[in-house]
Number of protein chains: 2
Amino acid sequence: MSTIGDVAERTGLPQKTIRYYEEIGLIRPARSANGYRHFRESDLHKLAFLGRARALGFSIEDCRTLLGLYEDNTRESASVKALAEGHLAEIDRKIDQLQSMRATLADLVTACHGDDRPDCPILADLSGDEDAP
Amino acid sequence: MSTIGDVAERTGLPQKTIRYYEEIGLIRPARSANGYRHFRESDLHKLAFLGRARALGFSIEDCRTLLGLYEDNTRESASVKALAEGHLAEIDRKIDQLQSMRATLADLVTACHGDDRPDCPILADLSGDEDAP
DNA sequence: CTTGAGCTTCCAGTGACTGGAACCTTTATA
DNA sequence: TATAAAGGTTCCAGTCACTGGAAGCTCAAG
């Protein structure tokens, strides 16, 4: 039997997060007579599952779906794959966006001499200067 | 003289966002007798500046600082550059994290046959299978 | 018997908006 | 002139996934 402190240590999840996961119904740990949460191996397992899914960037709702699929022995792997592919596409979208930001920003940073004078291509660009770098 | 609708259209920012920017003190549009906001060219300019800074991923607080620097003719370009470099580093960190997620997820997606059978390497990995792909 | 660690709940805050309700103003039309 | 539509206003609540903090209970050690 393990209390929340143990579980937090073993899963690497903050206690607050574990309580939150219970609150939104992702896990349902039992309670001891003193009111403390009492985590079984299956709870540990679920939390570890959640930790890994979150680390891959799945949303909480995706995690809920994934847990459901995991526990459903009649699932079709196509469902899981579709969810993962959707998430992958979302990640790609975000990477593209960040790389586009990065490119512009890196150009601006390079163009800025960064000394004690006020002249600054970064501000010029932000202010709408057409002749920006 | 322009009302919020005009300004929203000209800057591409939602009206809600423009009101929000006023609420948090990024802009201070005047008011007409009827209570409507009345935007001057300088407000338009600031909003466009904010739109571009936000598009580069700067936080609202960074934007506030950038606007302050923009309006301060005695600024040192080094201050702007430092801010931008910090943001650039943050973007790089995010890109790295997303690319790491992407790599793992792409492997899993490739490994999953995605048919009507329940067997699924994605779930196996999330559940802590040591022999994951 | 007190101290400290560990657990509990509940409330508030984060960032940057976004949606919606309820209401006011202006303009166009029947 | 009545009214309806289009535009503006404020205020409150919700998003997402936690996180911090306060107040209070339980338990083991000294």
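Within every chain, numbering begins at 1; the chains are lettered A, B, ... in the order of the sequence lines, protein sequences first and strands thereafter.
Between A:Asp115 and A:Arg117, at least one side-chain N (NZ, or NE/NH1/NH2) sits under 4.0 Å from a carboxylate O, which counts as a salt bridge.
Separating the NE2 atom of B:His38 from the C1' atom of D:dT9 is a distance of 17 Å, rounded to the nearest angstrom. Residue A:Glu22 contributes atom CD, which lies 18 Å from atom P of D:dA17 at whole-angstrom precision. We find that CG of A:Asp6 is positioned 17 Å from P of C:dA5, with the value rounded to whole Å. Nucleotide D:dA6 holds its C1' atom 14 Å from the CD atom of B:Glu9, rounded to whole Å. One atom, CD1 of A:Ile24, and another, C1' of D:dC18, lie 10 Å apart when rounded to the nearest Å. Computed from coordinates, the B:Ile18 CD1 to D:dG7 P distance equals 15 Å when rounded to whole Å. At whole-Å resolution of the value, CD in A:Glu23 and P in C:dT8 are 13 Å apart. For A:Arg31 and C:dT8, the CZ to P distance is 6 Å, given to the nearest whole Å.
Side chains of A:Asp72 and A:Thr74: a donor on one and an acceptor on the other come within 3.5 Å.
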Can you give me the N/O atom pairs linking the protein to nucleotides 2-5 of chain D at distances under 3.5 Å, or say none if there are none?
none

Look for any protein N or O under 3.5 Å of an N or O in nucleotides 25-28 of chain D and output each such pair with its distance, or none.
unit_1 : atom_1 : unit_2  : atom_2 : d
D:dC27 : OP1    : A:Asn34 : ND2    : 3.2

Which protein N or O atoms sit under 3.5 Å from an N or O of nucleotides 17-23 of chain C?
unit_1 : atom_1 : unit_2  : atom_2 : d
C:dC17 : OP2    : B:Tyr21 : OH     : 2.6
C:dC17 : OP2    : B:Arg54 : NE     : 2.9
C:dT18 : OP2    : B:Thr17 : OG1    : 3.3
C:dG19 : N7     : B:Lys16 : NZ     : 3.1
C:dG19 : O6     : B:Lys16 : NZ     : 3.0
C:dG20 : O6     : B:Lys16 : NZ     : 2.2

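Using a 4.0 Å cut-off, no side-chain N or O of A:Arg64 falls inside it from OP1 or OP2 of D:dA17. Distances shown here put every side-chain N or O of B:Arg37 at or beyond 4.0 Å from the OP1 or OP2 atom of D:dG8.
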Worksheet item: So B:Glu41 and B:Lys46, salt bridge (charged side-chain N to carboxylate O under 4.0 Å, His left out) or not? Walk me through it.
Response: CA-CA 9 Å; B:Glu41 277 307 310; B:Lys46 273 193 196 181; over 6 Å; no

Practice prompt. Output, in order, the C-alpha distance, side-chain angles, deciding distance and verdict of salt bridge (charged side-chain N to carboxylate O under 4.0 Å, His left out) for B:Glu22 and B:Arg28.
Written response: CA-CA 6 Å; B:Glu22 181 187 18; B:Arg28 294 186 199 284; over 6 Å; no

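Two residues are said to be in side-chain contact when any heavy atoms from C-beta on lie closer than 4.5 Å; B:His38 and B:Arg31 fail this criterion. Counting only heavy atoms from C-beta outward, the side chains of B:Val7 and B:Asp43 never approach each other to under 4.5 Å. Taking 4.5 Å as the limit, some side-chain heavy atom of A:Ile18 sits within range of a side-chain heavy atom of A:Phe39. Within the 4.5 Å cutoff, the side chain of B:Asp6 has heavy atoms near those of the B:Thr3 side chain.
Residues forming a side-chain contact (heavy atoms from CB on, under 4.5 Å) with A:Glu76 (at least two apart in sequence, or on another chain): A:Ser79, B:Asp116. Take B:Tyr70 and apply the side-chain hydrogen bond (donor to acceptor under 3.5 Å, both in side chains) test, not counting sequence neighbours, and it matches B:His45. Checked against side-chain hydrogen bond (donor to acceptor under 3.5 Å, both in side chains), B:Arg64 has the following partners two or more places apart in sequence or in another chain: B:Glu61. A search for side-chain contact (heavy atoms from CB on, under 4.5 Å) contacts involving B:Ala48 returns B:Arg52, not counting sequence neighbours. A:Arg54 pairs by the side-chain contact (heavy atoms from CB on, under 4.5 Å) definition with A:Tyr21, A:Ile60, A:Cys63, not counting sequence neighbours.
DNA chain D forms stems at C:1-30 with D:1-30, each a run of 3 or more consecutive Watson-Crick or G-U wobble pairs whose two key distances fall under 3.5 Å.
Minimum interatomic distance between B:Pro121 and B:Leu108 (heavy atoms only, all atoms of both residues): O-CD2, 3.9 Å.
Each ring-ring contact (aromatic ring centres under 6.0 Å, His included) pair with one or both residues in residues 97-117 of chain B, not counting sequence neighbours, would appear here, but there are none. Every pair passing side-chain hydrogen bond (donor to acceptor under 3.5 Å, both in side chains) that includes a residue from residues 83-92 of chain B is listed here, sequence neighbours excluded: A:Arg102-B:Asp92, B:Glu90-B:Arg93.
Of the residues in residues 40-52 of chain A, none lies under 4.0 Å from DNA chain D by heavy-atom distance.
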